[in-house]
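Scroll down for the structure; my scribbles are underneath it.
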Amino acid sequence: MAEGPSAEEAAPLLHGLPDEITVWEILVRLPPKSLLRCRAVCPAWRRATSTRDFLLAHHARQPSLPLLCGHDGVSLDIIPFDHRAGHEHDQLQSVARLGNSFFTGPEASCDGLLLTGSLYLGYSICNPATRQHARLEETDCFALLGMYPHGSTGEYRLLLGKCNRTILAPHDSYVYTLGSGQPPRRISCPGAEHTMVDGSSSVLCRGSLHWHVKQHVGASNMIKLFNTTTESFGQMRAPAVPGSANLFEMDGMLGMYSLNDALTTIDIWMTQDYENEAWAFKYRVQVPVAELRDYMSESWAFKYRVELPELTEHFGMFRNLVKVVVMPGDGELLVLVKIEDTLHHVDINGKLVASFHRSRLGVTQFPLKQTLVPHAFFPTLEGYVVNDPPFI
């Protein structure tokens with residue numbers, strides 16, 4: 001006669017609640033670190049939260065947050081900016097730390113995986129939530145153009161070039177598959193020309209990587225794209241803007257923003273009909289320069305012994321210390337203004353929401369959506385480690 005379930009297996013995970021509610025309405029919503037702690041409660045909790053279906057659902061529930069990084073010269077902190085948290089400490093909470101002074105910061109982010117760069121060691125792949133890490137020696141001497149999941153195979157791939165990250169050279173591009181054990185594979189794009197693009201990162205949307213084309217004279221109204229299924233380059237129309245522009249993805253739609261020369265006005269567009277290359281102007285955000293001036297005057301007046309009246313219009317002599325990015329954050333658009341050691345959170349109406357003073361805090365163009373989903377390629381990579389250095 002078959003034995004019935006043990007008393008432990010028959011008991012509900014939480015007294016008074018059906019397991020369906022405990023697992024699929026409560027545990028599935030927890031942040032990765034909290035969920036990992038829950039696994040230590042008992043074997044039943046570990047079993048319930050370790051199935052692939054649960055981990056996929058858990059990943060889907062995680063917020064996609066703007067990725068920041070902290071570099072103190074000794075280590076690199078991975079910091080998702082969680083504007084939903086009530087306390088400043090929780091909004092800038094590091095989820096992982098890499099202990100190597102050569103790390104330069106995140107270079108790509110995809111499904112909770114981060115590609116990091118290094119001054120001397122090339123690229124590495126890591127999962128901050130599971131603390132897995134491996135060097136990608138096959139990518140040495142290549143420039144990263146983008147990272148993406150391949151739809152039909154489920155593989156994670158890198159698009160690489162031989163020039164640099166601001167030049168697309170389709171006839172000299174390569175695809176590297178993580179865990180394949182093969183060197184980067186050259187792809188053929190006859191007739192394609194070199195293209196200068198803005199920024200240092202591509203944006204994945206609807207199965208293609210996108211770059212805004214850099215225009216030296218006049219207004220640019222073109223986006224270059226790479227179809228990850230057909231492995232071919234193409235282009236699409238974009239709103240005409242003077243100077244440079246940056247792209248982002250939000251809820252399956254492609255977005256674009258540009259700043260005026262004074263860094264005081266941000267124009268934001270979203271695709272209204274992606275297939276027909278139709279765009280809609282959504283917002284014009286006025287950066288709250290007067291409030292930022294007052295904040296900077298208090299913190300910089302003694303440090304630099306100067307008055308800052310010119311900041312009201314143009315950020316004055318501190319222009320090179322200013323970085324402005326627009327990023328989706330859990331379903332809403334956030335404006336982040338980084339001025340030296342201070343990060344300012346501005347809402348879409350131009351209201352200063354919060355300011356954070358933290359030295360050597362970097363702002364990236366990447367989102368981070370954490371995951372505990374296991375990836376088969378990790379153990380196949382040479383030098384693979386889990387919960388060991390460079391994690392500290």
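Predicted model only: the values in this text are computed from it and were never measured.
Considering CG of Leu35 and CZ of Arg61, their distance stands at 13.5 Å, rounded to 0.5 Å. Rounded to the nearest 0.5 Å, atoms SG (Cys69) and CG (Asp77) are 9.0 Å apart. The CG atom of Leu372 sits 9.0 Å away from the OG1 atom of Thr49 when rounded to the nearest 0.5 Å. Atom CD of Glu107 sits about 7.0 Å away from atom CG of Leu115, to the nearest 0.5 Å. Between the CD1 atom of Ile78 and the CG atom of Leu67 there is a distance of 6.0 Å, given to the nearest 0.5 Å. In this structure, NZ in Lys282 is found 13.5 Å from CH2 in Trp269, a value given to the nearest 0.5 Å.
Taking the six-membered ring where tryptophan is involved, the planes of Phe391 and His133 are perpendicular, since the angle between them exceeds 60° and thus also 30°.
In this structure, Val363 and Leu343 have side chains that are in contact, with non-hydrogen atoms separated by less than 4.5 Å. In this structure the side chain of Leu292 reaches within 4.5 angstrom of the side chain of Val287, judged on heavy atoms. Looking at heavy atoms from C-beta onward, Cys126 lies out of side-chain contact with Gln132 at the 4.5 angstrom threshold. Proximity of Trp24 to Phe54: side-chain heavy atoms (C-beta onward) are separated by under 4.5 Å at one or more points. By the 4.5 Å heavy-atom criterion applied to side chains, Asn127 and Leu114 are not counted as neighbours. In this structure, the side chains of Leu361 and Leu68 come closer than 4.5 Å at one or more pairs of heavy atoms. Using a 4.5 Å heavy-atom cutoff, the side chains of Thr139 and Leu144 are not in contact. In this structure, the side chains of Pro149 and Glu155 stay at 4.5 Å or more apart for every pair of heavy atoms.
With respect to the salt-bridge test (charged N to carboxylate O, under 4.0 angstrom), the residues Lys162 and Asp172 do not qualify. At a threshold of 4.0 Å, the pair Asp140-Arg135 counts as salt-bridged, since one of the basic side-chain nitrogens sits closer than that to a carboxylate oxygen. Between Glu340 and Lys323, none of the side-chain N atoms (NZ, or NE/NH1/NH2) sits under 4.0 Å from a carboxylate O, so this pair counts as no salt bridge. Ionic pairing of Asp111 and Lys369 is not present here: no N-O contact between side-chain nitrogen and carboxylate oxygen is shorter than 4.0 angstrom. The residues Glu332 and Arg84 are annotated as not salt-bridged, no charged nitrogen and carboxylate oxygen being separated by less than 4.0 angstrom.
If you check the side chains of His344 and Glu291, you find no donor sitting under 3.5 Å from an acceptor. One side chain, Gln286 or Thr265, offers a donor N or O that lies under 3.5 Å from an acceptor on the other.
The backbone N or O of Thr342 sits nowhere less than 3.5 Å from a side-chain atom of Arg358 that would complete a donor-acceptor pair.
Here His210 and Tyr274 bring their ring centres to under 6.0 angstrom of each other.
Residue-environment remark: CD (Glu382) stays at or below the threshold of 12 foreign heavy atoms within 6.0 Å.
Looking at Val325, Val285, Val335 one by one, the single match for side-chain contact (heavy atoms from CB on, under 4.5 Å) with Tyr257 turns out to be Val325.
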